[in-house]
Engineer: 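Handing you a structure now.
All values below were derived from every heavy atom in this structure, side-chain atoms included, with hydrogens, water molecules and symmetry-related copies excluded. Keep in mind that what you see is a predicted model, and the values were worked out from it rather than measured.
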Amino acid sequence: MSTSDVPATAEAAAVLEGPAPDPAPETAPATEPAADLGRATARGAGVTLAGQVLRILLQLASTTVLARLLSPRDYGLLAVGLVVVGVGEVFRDMGLSTSAVRTPHLTRAQRDGLFWLNAAAGVLLGLLAFCAAPLVAAAFDQAVLADITRALAFTFVLNGLAAQYRAGLTRDLRFGGLVVVDLVAPAVALGVAVAAAALGAGYWALVAQQLVQAAVVLLLLGVLARWLPGRPRRGVGLMPHLRFGGGLTGTHLLYYLGNNLDSIALGLFSGPAALGLYNRGFQLLMTPLNQVRSPASTVAVPVLARLQDDAERFGEYLRRGQLALGYTLVAGMALVAGAAEPVVHLLLGSRWDAVAPVLTLLAIAGSAQTLAYVGSWVYLSRGLSGALMRYTMVTLALNAVCIGTGSAFGVMGVASGYAVAAVLEWPLSIWWLSRVTVIPARALLAGALRISACAVVAGGACFAVSELTGSWPAVGRIAAGGLAGLAVYGSATAIPAVRADLLGVAAWGRRMLGR
């Protein structure tokens, strides 16, 4: 499990720290009646996953359309700006959204106070980013980054105002409304970006996309929440929330740095055009992958927390979770790696062909991360915050060494370093976790090896067929390669262990659909 694999969602992070106490509760959340744990969690995963699938499709549409209107340099400049702004975003939230969601009792006065704290942090960080814009431009030797950073600084203010509205909807379990917000806002922003790019705005189209999306999110969240904050007051019990949030902020900062070492290295040493190429590969594969894996953690962590005292069921859930992720996500990445060239040609266009080898390496990295992903569930569900922090520091150092070494060789070097670090972290994650708690290490390793063997053969078959059909249109090459890869999985059912794995995954899928 790499630092990029640890879910930093409000729900998952709060499991480590526990809820912030409320000295003056006025309301209490309703409790839900007990239900069949397996069926409830599987159906919950299905509902959450459906929303994520729609978001991924919208994101792919954005990537596909804008890639034909903008250049790698445009994307690289925005990526640098977002990395810098993202560091500030970690501090802007201060962990207060997580605290609001997970606190058993939250008074109106506390909610108002948290709103103004987030808003004030957003304004302060926006001002800091605005003033530091020339330093950012100098660090990356790109004068235009000053204006880009100044424009993106306004996202701090918008996101700070929106933070507690989102937390309130999450706390009230109004996930349908959140799905609407997370679909409508990027759709509107995409329309603005496409129009601006078509008019020749260049990288400013991408900046406008970020600002419009943040503004629409704030507007929709405010409408759905149906409340306006009152004036801030003293003595309402905010200190527990601040202590709780402060503990999360340091952890989130480590995660963020681990996630963005590759972009920082490319931005500093190779320039915005190289970073733009890498960024397109990352957006095509790793961003959707993370969006699919995150809901799995949202469901799995509270379930495993309830199973802590039942070692056998805990281990079995963990093993089945790994198989479900492996025979779906890893299988998909194997096919993407095998058909990387026609996939890039179809989605981005011929001028982005240099992204294809990057996509292959990222698919290898994503596969290794997915195999180790269930380890994060153990850390979170068992509250192993100290062990997780130490492990995160080790993997952060490993990523720094691998990516730093690769940065001397440009885009392919950074992508290779990212992949090598992920592959090395997979066995390390199992070994490290087995030292601090009880897990079915042998079963997890055996399952991962079966998943990897199938993926390697399927990916190889997909690549061979897509190359043999090189004169076909991209869609035909992808279809032919995909069928070849799926045929490998069909043949693998002749192996009893693999057949048992696939039958278990199929049964889990039926439960997700409620059938």
Engineer: Taking the side chain as C-beta and beyond, is there a heavy-atom pair between Leu78 and Gln209 under 4.5 Å?
Structural biologist: no
Engineer: Please report the interatomic distance CG(Leu261) to CG(Leu396), rounded to the nearest 0.5 Å.
Structural biologist: 5.5 Å
Engineer: Got a second to check how far Phe130's CZ is from Phe154's CZ, nearest 0.5 Å?
Structural biologist: 6.0 Å
Engineer: What I'd like to find out is whether the side chain of Leu284 reaches to under 4.5 Å of the side chain of Leu348, using heavy atoms alone.
Structural biologist: yes
Engineer: So, does Asn159 use its side chain to make a donor-acceptor pair with the main chain of Thr155 at under 3.5 Å?
Structural biologist: yes
Engineer: For Asn260, is there any backbone N or O sitting under 3.5 Å from a side-chain donor or acceptor partner on Ser263?
Structural biologist: no
Engineer: Hey, does Val181 have a side-chain heavy atom less than 4.5 Å from the side chain of Arg166?
Structural biologist: yes
Engineer: Given the rule in the side-chain contact (heavy atoms from CB on, under 4.5 Å) test, do Arg280 and Val344 qualify, once you have shown the distances and angles that lead to the verdict?
Structural biologist: CA-CA 9 Å; Arg280 289 305 82 196; Val344 169; over 6 Å; no
Engineer: Just verifying a value: how many Å separate Leu362 CG and Ser416 OG, rounded to the nearest 0.5 Å?
Structural biologist: 9.5 Å
Engineer: Could you tell me which residues satisfy side chain to side chain contact (heavy atoms under 4.5 Å, CB included) with Leu158, sequence neighbours excluded, listed by chain and number?
Structural biologist: Ala214, Ala215, Leu218
Engineer: Evaluate the salt bridge (charged side-chain N to carboxylate O under 4.0 Å, His left out) criterion for residues Glu316 and Arg313: first the C-alpha distance (whole Å), next the side-chain angles of each, then the deciding distance (0.1 Å), finally the verdict.
Structural biologist: CA-CA 5 Å; Glu316 182 62 15; Arg313 291 182 67 197; over 6 Å; no
Engineer: Can you check side-chain contact (heavy atoms from CB on, under 4.5 Å) on Val144 and Arg73, steps first, answer last?
Structural biologist: CA-CA 11 Å; Val144 296; Arg73 182 174 181 271; 4.1 Å; yes
Engineer: Keeping the roles fixed (side chain from Ser407, backbone from Gly404), state whether a donor-acceptor pair exists under 3.5 Å.
Structural biologist: yes
Engineer: Mind checking the CD-CG spacing from Gln283 to Leu66? Nearest 0.5 Å is all I need.
Structural biologist: 11.0 Å
Engineer: Just to verify, which of Tyr379, Trp426, Tyr391 counts as forming a ring pair (Phe, Tyr, Trp, His ring centres under 6.0 Å) with Trp432?
Structural biologist: Tyr391
Engineer: From Arg55 CZ over to Asp182 CG, what is the distance, rounded to the nearest 0.5 angstrom?
Structural biologist: 4.5 Å
Engineer: Return yes if some donor-acceptor pair links the side-chain N/O of Gln213 with the main-chain N/O of Ala189 below 3.5 Å, else return no.
Structural biologist: no
Engineer: Counting only heavy atoms not in Phe282 (residues, nucleotides, ligands), do more than 12 fall under 6.0 Å from its CZ?
Structural biologist: yes
Engineer: If you measure from CG on Asp147 to CG on Leu77, what distance do you get to the nearest 0.5 Å?
Structural biologist: 11.5 Å
Engineer: Name all pairs fulfilling the salt bridge (Lys or Arg N to Asp or Glu O under 4.0 Å) condition that reach into residues 438-453, sequence neighbours left out, sorted by first residue then second.
Structural biologist: Arg450-Asp501
Engineer: Please check: side-chain N/O of Trp352 versus main-chain N/O of Ala67, any donor-acceptor pairing under 3.5 Å?
Structural biologist: yes
Engineer: So does Asp310 have more than 12 non-hydrogen atoms from other groups sitting under 6.0 Å from CG?
Structural biologist: yes
Engineer: Do the non-hydrogen side-chain atoms of Pro357 and Met412 ever get within less than 4.5 Å of each other?
Structural biologist: yes
Engineer: Val123 vs Phe156, test: side-chain contact (heavy atoms from CB on, under 4.5 Å). Steps then yes/no.
Structural biologist: CA-CA 7 Å; Val123 171; Phe156 286 122; over 6 Å; no
